[in-house]
**Q** 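Structure provided below as structure tokens; questions to follow.
To find a chain, count down the sequence lines: A is the first, B the second, and so on, and within it residues start at 1.
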There are 2 protein chains.
Amino acid sequence: MTFLISATYSVVPERDVILPPLTSKVLKYVLEGHPKIGSLVKSAKKYKEISIFPLFLRGRYLYSTGPGVMTLRAKERASFTFSLASEEVDPEVFEKIPNEVSTPYGDFVMILEEIRMTELGEVRAELGHKVNVRFETPTLLSNKYMVPPNVKARKLRQMNRLLPQPSLLISSLARIWNSIATPKEVIVLGDSDWTPYKLGRIADVMFAEVGYSLTPVTVVVGKDKNGNLRKTRGFNGWVKYEVVEAKRYTESMEKLLGLANFLGVGRSRGIGFGKVKVERV
Amino acid sequence: MTFLISATYSVVPERDVILPPLTSKVLKYVLEGHPKIGSLVKSAKKYKEISIFPLFLRGRYLYSTGPGVMTLRAKERASFTFSLASEEVDPEVFEKIPNEVSTPYGDFVMILEEIRMTELGEVRAELGHKVNVRFETPTLLSNKYMVPPNVKARKLRQMNRLLPQPSLLISSLARIWNSIATPKEVIVLGDSDWTPYKLGRIADVMFAEVGYSLTPVTVVVGKDKNGNLRKTRGFNGWVKYEVVEAKRYTESMEKLLGLANFLGVGRSRGIGFGKVKVERV
């Protein structure tokens with residue numbers, strides 16, 4: 001049985017700190033040293049079972065969109081969230097994160113504030129008649145999510161799609177789901193290879209936008225060897241969908257969108273991209 | 001052989017006029033009385049071969065989004081465009097639109113300003129590396145455009161999708177294309193029933209947004225029996241796409257987007273929705 005766990009910590013720096021452009025790196029550094037979680041953080045798995053979100057301060061997530069620096073003042077309280085999927089649940093995992101951590105970015109006091117947990121098989125985002133999807137951090141959806149499995153996509157150039165097409169969301173989530181699910185929990189529609197693609201196709205018919213506010217955003221992810229900023233482009237905002245009743249598929253969609261409320265959606269969740277909140281309207 | 005023709009007229013009212021909420025109705029009224037075009041305007045064809053766009057005044061198309069009225073002042077010069085596909089080209093068609101027209105909305109002087117014409121088989125919007133699609137009037141894309149033909153969609157509720165997914169654009173255009181093309185001109189990928197769907201699927205992989213500005217918009221389309229406003233919801237704005245090279249499909253995509261520059265895209269083009277401009281960047 002797979003569990004989904006989401007933990008939120010408050011974080012207070014001892015002194016003023018200059019944050020890295022991807023603020024999730026601070027928490028990532030702490031987790032890398034963790035006896036159990038460290039290996040998940042470092043794994044090169046395609047559909048990672050851990051998502052580490054950016055520092056959250058005064059109602060917004062902190063990430064860099066340009067050359068300026070971001071700072072956190074001494075004693076200023078921010079928070080961090082990470083989510084993971086695991087077959088074993090051990091509360092000690094979250095207690096083993098020390099209260100006082102020393103990182104290359106500075107020293108922090110970290111206090112566990114909240115743990116959410118559910119069984120994968122039980123997770124749902126209720127759809128109802130309308131559902132709202134808020135992209136809380138820039139989201140990266142690959143054009144490859146909707147390549148049918150009988151097409152060779154290796155040669156195809158990977159690009160980020162900047163509009164949250166329902167098929168891209170659902171195909172991404174189905175890939176994540178089936179990579180963390182036990183054999184009893186997997187979602188299969190006919191053939192398992194075709195499932196993300198097929199559910200994606202259905203999502204494009206089941207969900208129709210009734211309102212939105214979306215903005216492309218370029219995010220700094222680091223520096224290259226020559227000191228130039230490395231950037232990637234995603235989008236931010238929200239979409240409200242009207243949902244067509246399709247009883248055969250409603251449960252699968254509710255499961256996948258429920259998963260999104262833990263692990264987010266799309267690429268690079270391990271460094272903070274793709275945090276979403278799905279809520280019935 | 002099918003021809004695409006687009007005609008633009010300047011329109012000047014004799015006296016101040018109050019315009020109908022769908023300003024295309026003024027030109028529609030004139031064209032309905034036309035010996036040759038009248039039947040096209042009135043036809044109930046699903047993928048109409050004629051598009052009648054709203055009145056264009058000082059750089060913008062006029063349509064109503066609320067209860068207020070739109071007016072055109074006496075002697076104020078606006079313009080109108082309509083486009084059609086036809087197997088016969090007779091310049092007289094455009095000259096037979098009288099210079100002085102009397103409509104339920106007022107009397108106007110109409111002068112032919114421009115005619116664009118091309119053979120359907122020759123029309124192209126060159127893709128290059130990047131292409132910009134500007135939605136100049138609210139655009140209505142149906143969730144049904146991407147239902148595969150082996151799924152019964154009759155029971156499925158029709159909804160307008162408010163984000164311009166490449167698949168929806170291309171599927172809509174392929175349906176229009178094949179409904180106006182002669183047997184030699186049709187675009188077929190394997191099976192003709194599956195062609196709009198398949199080209200749509202390919203478009204979602206070939207085109208990736210690199211920038212956009214999009215807004216949902218509610219448009220007044222008339223009044224019901226009780227005098228309440230009838231409305232429909234579409235979107236406005238622009239999207240810039242990066243194009244993945246896919247030599248096998250580039251020509252079909254260029255043809256379909258070239259068609260869009262004449263007839264527009266989506267539903268209700270006959271009353272002014274879905275005017276687009278596709279341009280290589």
Side-chain angles (χ1 to χ4, degrees), chain A residues 129-130 133 140-148 150-153 155-169 171 197-198 200-218 232-235 237-249, chain B residues 129-130 133 140-148 150-153 155-169 171 197-198 200-218 232-235 237-249:
Chain A
H129 184 52
K130 282 182 189 163
V133 182
L140 310 180
L141 299 175
S142 170
N143 63 327
K144 293 199 174 188
Y145 289 152
M146 284 305 290
V147 175
N150 59 340
V151 171
K152 284 173 204 152
K155 279 189 206 163
L156 182 76
R157 188 150 53 93
Q158 202 287 130
M159 300 192 291
N160 292 335
R161 296 283 312 275
L162 301 187
L163 289 174
Q165 204 164 301
S167 49
L168 297 173
L169 300 175
S171 172
Y197 176 81
K198 282 189 183 170
R201 294 273 48 84
I202 293 161
D204 272 351
V205 178
M206 268 184 79
F207 296 89
E209 304 83 8
V210 290
Y212 54 81
S213 170
L214 295 164
T215 327
V217 56
T218 301
T232 192
R233 199 154 159 80
F235 65 89
W238 58 268
V239 183
K240 192 158 73 181
Y241 295 101
E242 194 168 332
V243 186
V244 167
E245 274 172 62
K247 280 177 194 160
R248 267 169 71 190
Y249 305 112
Chain B
H129 184 52
K130 281 183 189 162
V133 182
L140 309 181
L141 299 175
S142 170
N143 63 327
K144 293 200 175 188
Y145 289 152
M146 284 305 290
V147 175
N150 59 342
V151 172
K152 284 173 204 153
K155 279 189 206 163
L156 182 76
R157 188 151 52 95
Q158 203 287 130
M159 299 191 290
N160 292 334
R161 296 283 312 275
L162 301 187
L163 289 173
Q165 203 163 301
S167 50
L168 297 173
L169 300 174
S171 173
Y197 177 80
K198 282 189 183 172
R201 295 272 47 84
I202 293 161
D204 271 350
V205 178
M206 268 184 78
F207 295 90
E209 304 84 7
V210 290
Y212 55 81
S213 170
L214 295 164
T215 328
V217 56
T218 302
T232 192
R233 199 153 160 81
F235 66 90
W238 58 269
V239 183
K240 191 157 74 179
Y241 294 102
E242 194 168 333
V243 187
V244 167
E245 274 173 63
K247 279 178 194 159
R248 267 169 71 190
Y249 304 113

**Q** Considering residues, nucleotides and ligands other than Lys240(B), do more than 12 of their heavy atoms fall under 6.0 Å from its NZ?
**A**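 Counting neighbours around NZ of Lys240(B), 12 or fewer heavy atoms of other residues, nucleotides or ligands fall under 6.0 Å, so no.
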**Q** Arg201(A) versus Tyr197(B): any side-chain heavy-atom pair under 4.5 Å?
**A**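 They are in side-chain contact.
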**Q** More than 12 heavy atoms of other residues, nucleotides or ligands under 6.0 Å from CD of Glu245(A): is that the case?
**A**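 Atom CD in Glu245(A) is not crowded, with 12 or fewer foreign heavy atoms closer than 6.0 Å.
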**Q** Check each atom of Arg157(A) against the heavy atoms of chain B and say whether the ones under 4.5 Å are side chain, backbone, both or neither.
**A**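 Answer is both: backbone and side chain atoms of Arg157(A) are under 4.5 Å from chain B.
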**Q** Calculate, to the nearest 0.5 Å, the distance between atoms CG and CD belonging to Leu168(B) and Gln165(A) respectively.
**A**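 Answer for the CG-CD pair, Leu168(B) versus Gln165(A), is 7.0 Å.
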**Q** Go through the atoms of Phe207(A) and report whether side chain, backbone, both or neither lie under 4.5 Å from a heavy atom of chain B.
**A**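 Backbone only.
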**Q** Which residue out of Val244(B), Val210(B), Val205(B) racks up the most heavy-atom pairs below 4.5 Å with chain A?
**A**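 The option with the most such pairs is Val205(B).
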**Q** Can you give me the closest heavy-atom contact between Ala208(B) and Met159(A), atom names plus distance?
**A**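 Heavy atoms only, the tightest pair is CB-CE, 3.4 Å.
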**Q** Taking atom OG of Ser167(A) and atom CE of Met146(B), what is their separation to the nearest 0.5 Å?
**A**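 Output value for this atom pair is 8.5 Å.
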**Q** Heavy-atom cut-off 4.5 Å, strictly under: side chain, backbone, both or neither for Leu214(A) against chain B?
**A**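 Contact with chain B is through both the backbone and side chain of Leu214(A).
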**Q** Using every non-hydrogen atom in the two residues, find where Leu162(B) and Gly211(A) come nearest and quote the distance to one decimal.
**A**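 Heavy-atom minimum between the residues: CD1-N, 4.1 Å.
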**Q** Would you mind telling me which of Thr215(A), Asn143(A), Asp204(A) has the largest number of heavy-atom pairs within less than 4.5 Å of chain B?
**A**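 Top option by heavy-atom pairs under 4.5 Å: Asp204(A).
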**Q** Is it the side chain or the backbone of Glu242(A) that comes within 4.5 Å of chain B heavy atoms, both, or neither?
**A**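 Contact with chain B is through both the backbone and side chain of Glu242(A).
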**Q** Let me know if Ser142(A) has heavy atoms under 4.5 Å from chain B in its side chain, its backbone, both or neither.
**A**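 Ser142(A) has no heavy atom closer than 4.5 Å to chain B.
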